[in-house]
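Both backbone and side-chain heavy atoms feed into the values below; hydrogens, waters and symmetry mates do not.
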Amino acid sequence: MTRTASRTHEVCALLADGSTVRLRPARPEDRGQVLRFYHEMSEDSLRSRFFAMSRRSGRQAADRLCAPSGPGHRTLVAVHGDRLVGVAEYETTDDPASAEIALAVADDFHHRGVGTLLLEHLAHTARERGIAVFTADVLADNHLIHKVFADLGLRFTRHVDGTTVRGIIRLAPDERYLSAVDLRARTADTASMQPLLRPRSIAVIGAGTRPGSVGRAILHNLREAHFAGLLHAVNPHAHAVLRIPAYPCVARLPRPPDLAVIAIPATAVPEAAVECGRAGVGALVVVTSGLDAGQSAALTAACRRWDMRMVGPNCLGIANTEEPVRMDATFAVTKPLPGTAGVAVQSGGVGIALLDGLSRLGIGVSSFVSLGDKRDVSSNDLLQWWECDGRTDLALLHLESFGNPRAFSRTARRVARGMPLLTVDAGRSEAGRRAAASHTAAAATATMTRGALFSQAGIIATRTLGELLDTAALLHSQPLPAGGRVAVVSNAGGAGVLAADACVDAGLTVPELPPDLVKELLALLPGGAGAGNPVDLTPTVSVRALSGCVDRLAESGAVDGVLAALVPTAPATAVGTDLCTGLTTRTPAVRTARPVVVVRLDQAERVRLLPAEDGRTVPSFGEPQSAARALLHAAERARWLARPQGSVVEPAGVDSSGARALVAAFLAGAPAGGWLDARATGQLLAHYGIPRLRQACAATEQEAVDAAARLAGPGGGAVLKAQGPDLVHKSERGAVLLDLHGEQQVRAAYRDLTARLGAAVTDIVVQPMAAPGTELLTGIVQDEVFGALVVFGLGGTTSELLADHAARLAPLTDTDIHELLTAPRCAAWIYGHRGTGPADVAALEDVLARLSRMADDLPELAEAECNPVIARPDGVTAVDVRVRLLPRRAPDPYLRRLP
């Protein structure tokens, strides 16, 4: 958000009770409302605000508040409906980094979070303008405002002076503040979703009398699900639909419904939403598609104006199977089976497939939401709902877009600690994405960017819907494996080999079993059995032997899970019992702390859940690849849960203010943005303490000769590089000349570069030859949707060809940095490989932490590339660095507001 936009932009946000307020700067025309606001305030509230009970103070405040905002003054108002319900302001003191604040809230809106919300937004604006501290003089007995300040989450200190208290609020946000904001957001979100997902009454607007209409199908499904509340149809041409009373309009209903489902032509939707708002409807589900931009904006505005949360438009509907709600407000043919999986999708077709799959498996759904165009309710809202609903233990997501990835990631990290979150990684293609301008930008593909989000947030990302359901079946029924070691058992050698190959291909291991365990297994199994891994049970194995073998493997500690690949055998050899059925009913292994999965090559279904003796289930897969991928996802979740959550690294010696001043000065001279020259790039790196190979810029041939002699030293080699906005791939353009010795070679190189590259050259940079080491790439890319990413991997001239890179979203925690270093294949060279000494890992970690801080400090940083970075046992040095800036501001991803 730009500074200009932040002065004029109106945002909507949720209060603690789920109602919506609009926050905006005060305007001169608000004076009458502000006067009325103070006139309606009780004497006690006036005394708390002005230290006196005079109404004159309210008039003086109205004059000041409604004056145009200046550099040191800012006033925000909170408006509910058409009524002003809260005012907050700051005024800077003699110290421009400090401001006095005042806050007032309408008496009947106390304890609803208005004051806290205003302060959050006021603090955000103050930080943008360089203000670091809020101060306030408050009466000692004004306990309400003391609690507001203390609960804000920012560092708050008090100094008592008789009957008044001087409060000081430090505005720098930290983890404590973000956690407090999380809690407030979760409370407000779940309250606002009550009429949507737990309605006591529903009206279907557009429930037609002819078969085949969408509204009629939704009404039918609500009736067939035995919705526990009142159910009405809205149809001006009928008295009843499906024997359910119909009314000509929402205003004529006996009472305002909690939820209205809108299934009418697009042109009529905005007016229907306004009618619902005026009638007091609590929430909307808009299944209608085809709304244009104006209609969508009018629909959203109506929801904000009248406190209505909305799902859609262009959606399949919603469902909640919990008792006593029993709501199926979808037009899907399949009735959702009650269960414990929360489902959120953008595609209605994907939603139907997931409903069918979860019902077939017997997992069922707790609540289902087809998000459609996501004009309001998003996956973030639903994650917070499932976190608190007391029923959901598994969440399945299908997301084609992300509105606020950083807020989503933070919420997902928290929720994923309590339940598995699974998604289909849709939209992996790079089609339509902007062509990258540098190596670093090229490295940050769409797949890598989404992978960074999912990896950091602990979300299990599958490539297909089938794989999603496979993994859901395993996680629903089995414990997590402690690692990726799998024992494969089979009554057919070929099936065992296929299963072992599938495990290795997926990234699991099939280790050799300890000799003592091998002896125990052979004692259990028929003659001719093999107890390596895979374990060959032979076709004559009995149910008892199979169960004993699986049980012993699961209890041994030698493996983290067991995969039983079974084919049909003669009834006599299985003691008249199907081997798979016998395994699930007789072996205690299904009750151990290690997962047991079955592969049945004769099974028609991709995955089934087989009933076990104790009431639990065992997943049975139709092919080993499905089982192996599901086991891998389960192992990765266990690893994510076991890893330290980490904390954001704050490197020492960073000069953020100097860096911001450098960026501001550059953009003042180049309003459209562009590439920093070599000198400015060096200064920026110095502000963040990033080590760089010594260099000098040469404007003349003689300056190049002098710099080469000074930097390379006697007998040393020098490097000349041509820099320029169009010289991205320097090696391909011949813009780098290496190992130059003596004056004549340097002069010849200078003449060659300037003559051959001509106007493309803006700088000639002189450096000494870098000491040999591992060539790496580090950098920053600002993604238009996801924000800043830090990229790391193999560097040098083969960087793009080998594409050995990983990325994580900034800011990085210490855990993120470790995973970023170990994710690429080149990690083997960093930590030492085949006799080569390890690089200075601590120095690499420090560079990544400094790049992360740079990315977080400077939203104007479109991309930065350090390639190559030479890593050696004695340190790390950036050899070639490019930085591009654009004139933009990044919105605070954690500031509470509705889309």
Side-chain angles (χ1 to χ4, degrees), residues 173-175 177-186 189 342 344 346 371 374 377-387 395-428 444-462 636-637 639-641 643-649 780-792 806-820 823 848 851-853 855-856 859 890-897 899:
D174 56 15
E175 182 58 34
Y177 173 68
L178 294 179
S179 295
V181 173
D182 287 344
L183 178 59
R184 290 192 285 269
R186 187 161 69 248
D189 251 352
Q346 281 188 255
L371 295 166
K374 286 203 309 183
V377 170
S378 69
S379 53
N380 219 38
D381 297 300
L382 291 167
L383 287 178
Q384 296 184 108
W385 174 268
W386 294 328
E387 185 181 19
L396 278 65
L397 308 170
H398 174 263
L399 305 175
E400 296 168 352
S401 63
F402 293 86
N404 188 340
R406 286 183 68 175
F408 171 81
S409 176
R410 183 174 176 85
T411 301
R413 288 188 204 212
R414 186 184 70 245
V415 177
R417 292 281 161 189
M419 71 177 74
L421 306 184
L422 294 87
T423 189
V424 179
D425 188 10
R428 297 186 301 270
T445 63
T447 300
M448 182 182 292
T449 304
R450 296 170 69 91
L453 172 66
F454 297 146
S455 175
Q456 287 172 277
I459 298 172
I460 298 169
T462 67
E636 288 177 339
R637 170 162 173 77
R639 182 191 62 81
W640 184 83
L641 288 171
R643 75 172 193 169
Q645 295 192 41
S647 57
V648 173
V649 181
I780 299 165
V781 177
Q782 285 281 355
D783 186 274
E784 293 293 337
V785 174
F786 291 81
L789 291 97
V790 177
V791 181
F792 172 77
R808 292 293 185 270
L809 297 174
L812 302 180
T813 66
D814 48 0
T815 301
D816 293 331
I817 290 172
H818 173 74
E819 293 193 343
L820 191 53
L848 291 175
L851 285 170
S852 170
R853 176 64 182 273
D856 207 36
D892 182 348
Y894 309 122
L895 188 65
R896 289 191 290 153
R897 56 193 160 195

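Note that OG1 of T815 is 12.0 Å distant from CG of L820, once rounded to the nearest 0.5 Å. Taking CZ of R410 as the reference point, atom CG of L383 lies at 14.0 Å (rounded to 0.5 Å). Taking CD of E636 as the reference point, atom CD1 of I459 lies at 13.5 Å (rounded to 0.5 Å). Taken from CD in E819 to CZ in R639, the straight-line distance is 5.0 Å, to the nearest 0.5 Å. Annotation: the span from D892 atom CG to R897 atom CZ amounts to 6.5 Å, rounded to 0.5 Å.
Considering every non-hydrogen atom in both L641 and A416, the closest pair reads CD2-O, 3.9 Å. Across A855 and Q782, no two heavy atoms sit closer than the pair O-NE2, 3.7 Å. Heavy atoms only, all atoms of each residue included: D425 and A461 are closest at CB-CB, 4.3 Å.
At a threshold of 4.5 Å between non-hydrogen side-chain atoms, the residues Q384 and R414 count as touching. No side-chain heavy atom of R643 sits under 4.5 Å from any side-chain heavy atom of H818. Looking at V648 and D856, their side chains never come closer than 4.5 Å, going by heavy atoms from C-beta outward. Proximity of H398 to S379: side-chain heavy atoms (C-beta onward) are nowhere separated by under 4.5 Å. Side-chain atoms of I460 and W640, non-hydrogen and from C-beta on, never get closer than 4.5 Å to each other. Inter-residue side-chain proximity for N404 and R406 is flagged as met; some heavy-atom pair is nearer than 4.5 Å.
With respect to S852, the side chain to side chain contact (heavy atoms under 4.5 Å, CB included) criterion is satisfied by exactly one of L789, I817, L812: L812.
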- Stepwise side-chain contact (heavy atoms from CB on, under 4.5 Å) test for V790 and R808: CA-CA 6 Å; V790 177; R808 292 293 185 270; 5.6 Å; no
- Message: Show, in sequence, the C-alpha distance, side-chain angles and deciding distance for F786 and L809, and conclude whether the side-chain contact (heavy atoms from CB on, under 4.5 Å) test is met.
- Response: CA-CA 8 Å; F786 291 81; L809 297 174; 4.0 Å; yes
- Verdict with reasoning, L371 to L382, per side-chain contact (heavy atoms from CB on, under 4.5 Å): CA-CA 10 Å; L371 295 166; L382 291 167; 3.8 Å; yes
- Criterion side-chain contact (heavy atoms from CB on, under 4.5 Å) on F408 and L399, from CA distance to verdict: CA-CA 12 Å; F408 171 81; L399 305 175; 4.0 Å; yes
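Remark: the backbone N or O of L397 is paired with a side-chain donor or acceptor of T423 at under 3.5 angstrom. Side-chain atoms of T411 come within 3.5 Å of backbone atoms of A407 as a donor-acceptor pair (strictly under, hydrogens ignored). Looking only at distances, a side-chain donor or acceptor of D381 sits under 3.5 Å from a matching main-chain atom of S378.
Judged by distance alone, the side chains of D816 and T813 do bring a donor and an acceptor atom under 3.5 Å apart.
Applying the side-chain contact (heavy atoms from CB on, under 4.5 Å) criterion to S409, with sequence neighbours excluded, gives R413, L453, A457.
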